[in-house]
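In what follows, a single structure is set out as structure tokens and then discussed.
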Amino acid sequence: MSRQDGRTPDQLRPISITRNWLTHAEGSVLIEFGGTRVLCAASVQDSVPRWRKGSGEGWVTAEYAMLPRATNTRNDRESVRGKIGGRTHEISRLIGRSLRACVDYKALGENSILIDCDVLQADGGTRTAAITGAYVALADAVAWMMKRKMCKSDPLVDSVAAVSVGVVGSTPLLDLCYVEDVAAETDMNVVMTGSGAFVEVQGTAEGAPFDRNALNQLLDLAVAGCEELTLHQREALGR
């Protein structure tokens with residue numbers, strides 16, 4: 001099928017990863033998946049949650065939010081509404097789980113790294129862009145800690161990246177933009193480590209159920225997409 005931006009079905013949108021976007025954060029990244037732009041900021045704390053104290057292990061967590069005009073119509077800030085939405089909670093937990101998959105808690109010591117992911121502009125794939133950018137911000141925060149000997153050894157045992165895939169007009173597509181996402185018959189988000197292991201697969205049939213063949217096609221697209229994103233991460237980090 002012909003995509004509105006001229007991409008082939010197995011092609012990512014243009015990817016941009018800009019490090020050190022903020023002055024004060026120990027690690028910060030502006031990541032762009034086409035028109036989707038997410039600012040990821042990593043903050044280091046020399047403490048852990050109460051339930052983690054005395055364990056000798058650290059903690060990594062994340063929060064996700066969307067600016068009021070990240071979309072084509074304004075949405076009220078959730079802080080003003082006085083309630084965090086279910087989608088926001090879900091994505092925050094997903095980002096945290098994804099990042100923790102590549103961290104050695106003992107090497108981190110009793111320190112915490114908090115990643116704030118703020119969507120500046122949304123055009124589909126905000127959660128996958130957030131995960132991919134958050135890893136780079138996490139890596140920079142870890143490097144900051146290593147220079148100050150806050151860690152026993154390098155706590156990063158792998159990298160992590162994520163991409164969306166879906167079926168639109170009976171065609172499996174990689175990295176859906178917004179108009180493709182809303183029209184998708186099947187929608188899936190896939191999180192993978194740099195070594196090729198799956199962290200999370202979220203797949204939903206928006207219309208007719210999908211079969212095993214369609215699932216395999218989508219996973220093949222996602223694997224190739226995550227491999228390419230991992231290369232972008234390594235290039236951004238100079239590795």
Side-chain angles (χ1 to χ4, degrees), residues 17-31 38-66 78-79 84-119 126-162 189 191-200 202 226 229-230 233-234 236-239:
I17 300 175
T18 305
R19 294 166 60 204
N20 304 315
W21 209 79
L22 295 173
T23 300
H24 303 295
E26 285 73 43
S28 66
V29 163
L30 176 67
I31 186 161
V38 184
L39 176 59
C40 305
S43 302
V44 174
Q45 294 184 350
D46 59 353
S47 61
V48 291
R50 183 177 300 175
W51 53 269
R52 202 76 159 177
K53 287 183 179 178
S55 67
E57 298 183 343
W59 186 242
V60 174
T61 190
E63 293 185 12
Y64 167 96
M66 190 176 288
E78 291 182 328
S79 59
I84 304 298
R87 177 180 179 276
T88 299
H89 275 303
E90 177 217 340
I91 296 176
S92 295
R93 289 194 294 266
L94 170 64
I95 299 168
R97 285 195 304 271
S98 300
L99 296 174
R100 290 192 290 271
C102 65
V103 174
D104 178 345
Y105 297 137
K106 287 190 177 298
L108 189 59
E110 289 199 23
N111 300 293
S112 297
I113 303 177
L114 293 79
I115 316 287
D116 290 292
C117 299
D118 290 288
V119 179
T126 61
R127 73 187 69 193
T128 55
I131 292 166
T132 305
Y135 167 74
V136 179
L138 173 65
D140 277 339
V142 165
W144 183 90
M145 296 173 72
M146 295 284 285
K147 286 181 181 177
R148 289 156 180 78
K149 303 187 185 305
M150 294 177 67
C151 302
K152 300 173 184 176
S153 59
D154 189 350
L156 290 180
V157 297
D158 211 331
S159 61
V160 66
N189 296 296
V191 186
M192 298 187 68
T193 64
S195 58
F198 291 99
V199 178
E200 190 143 350
Q202 299 179 334
C226 284
L229 289 170
T230 297
Q233 290 173 323
R234 290 175 180 168
L237 290 165
R239 296 177 179 175

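Atoms CD1 and OG1, on I91 and T128 in that order, are 9.5 Å from each other to the nearest 0.5 Å. Put simply, CG on L156 and CG on D104 are 9.5 Å apart, with the number rounded to the nearest 0.5 Å. We find the CE-CG distance between M145 and D46 to be 9.0 Å, quoted to the nearest 0.5 Å. Distance CG/L229 to CE/M192: 11.0 Å, rounded to 0.5 Å. The CZ atom of R127 sits 5.0 Å away from the CG atom of N189 when rounded to the nearest 0.5 Å. Distance CG/L114 to CG/L138: 11.0 Å, rounded to 0.5 Å.
The backbone N or O of A162 lies less than 3.5 Å from a partner atom in the side chain of T132, making a donor-acceptor pair. Side-chain atoms of N111 do not come within 3.5 Å of backbone N or O of G58 as any donor-acceptor pair. In this structure, the side chain of S28 engages the main chain of W21 through a donor-acceptor pair within 3.5 Å. In this structure, the side chain of Q233 engages the main chain of V160 through a donor-acceptor pair within 3.5 Å. A donor-acceptor pair is defined here as one N or O able to donate and one able to accept, closer than 3.5 Å; no such pair exists between the side chain of E26 and the backbone of W144.
In this structure the side chain of H24 never reaches within 4.5 angstrom of the side chain of S43, judged on heavy atoms. With contacts defined as side-chain heavy-atom distances shorter than 4.5 Å, the pair Y135/T230 does not qualify. By the 4.5 Å heavy-atom criterion applied to side chains, E110 and S47 are not counted as neighbours. Side-chain contact between Q202 and L94: present, with at least one pair of heavy atoms (C-beta onward) separated by less than 4.5 Å.
For E200, the CD atom is densely surrounded, since the number of other residues' heavy atoms within 6.0 Å is greater than 12.
A pairwise comparison of heavy atoms in R234 and G194 identifies NH2-O, 4.1 Å as the closest pair. The two residues A137 and V29 come nearest to each other via the heavy atoms N-CG2, 3.7 Å. Residues C226 and A161 share a closest heavy-atom pair of SG-O, 3.9 Å. Nearest heavy atoms, A25 versus A41: CB-CB, 4.1 Å. Across every non-hydrogen atom of P155 and A107, the tightest pair is CA-CB, 3.8 Å. A pairwise comparison of heavy atoms in A62 and G96 identifies CB-N, 3.8 Å as the closest pair.
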With side-chain contact (heavy atoms from CB on, under 4.5 Å) as the criterion, how do I131 and V199 come out once you've worked through the C-alpha distance, each side chain's angles and the decisive distance to 0.1 Å? CA-CA 12 Å; I131 292 166; V199 178; over 6 Å; no
The test is side-chain contact (heavy atoms from CB on, under 4.5 Å); show your working for V38 and Y64 and say whether it passes. CA-CA 10 Å; V38 184; Y64 167 96; 5.9 Å; no
Using the side-chain contact (heavy atoms from CB on, under 4.5 Å) rule, take Y105 and R100 through it: C-alpha gap first, then chi angles, then the decisive distance, then the call. CA-CA 8 Å; Y105 297 137; R100 290 192 290 271; 3.1 Å; yes
Could you walk me through whether T193 and V157 pass the side-chain contact (heavy atoms from CB on, under 4.5 Å) check? CA-CA 10 Å; T193 64; V157 297; over 6 Å; no
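Ion pairing between a basic and an acidic side chain is recognised when a charged N comes within 4.0 Å of a carboxylate O; E57 and R52 show such pairing.
Screening residues 131-157 for salt bridge (charged side-chain N to carboxylate O under 4.0 Å, His left out) gives R19-D140 as the qualifying pairs, with residues at least two apart or on separate chains.
Tested against I113 for a side chain to side chain contact (heavy atoms under 4.5 Å, CB included), the candidates T61, V142, L99 yield a single pass: V142.
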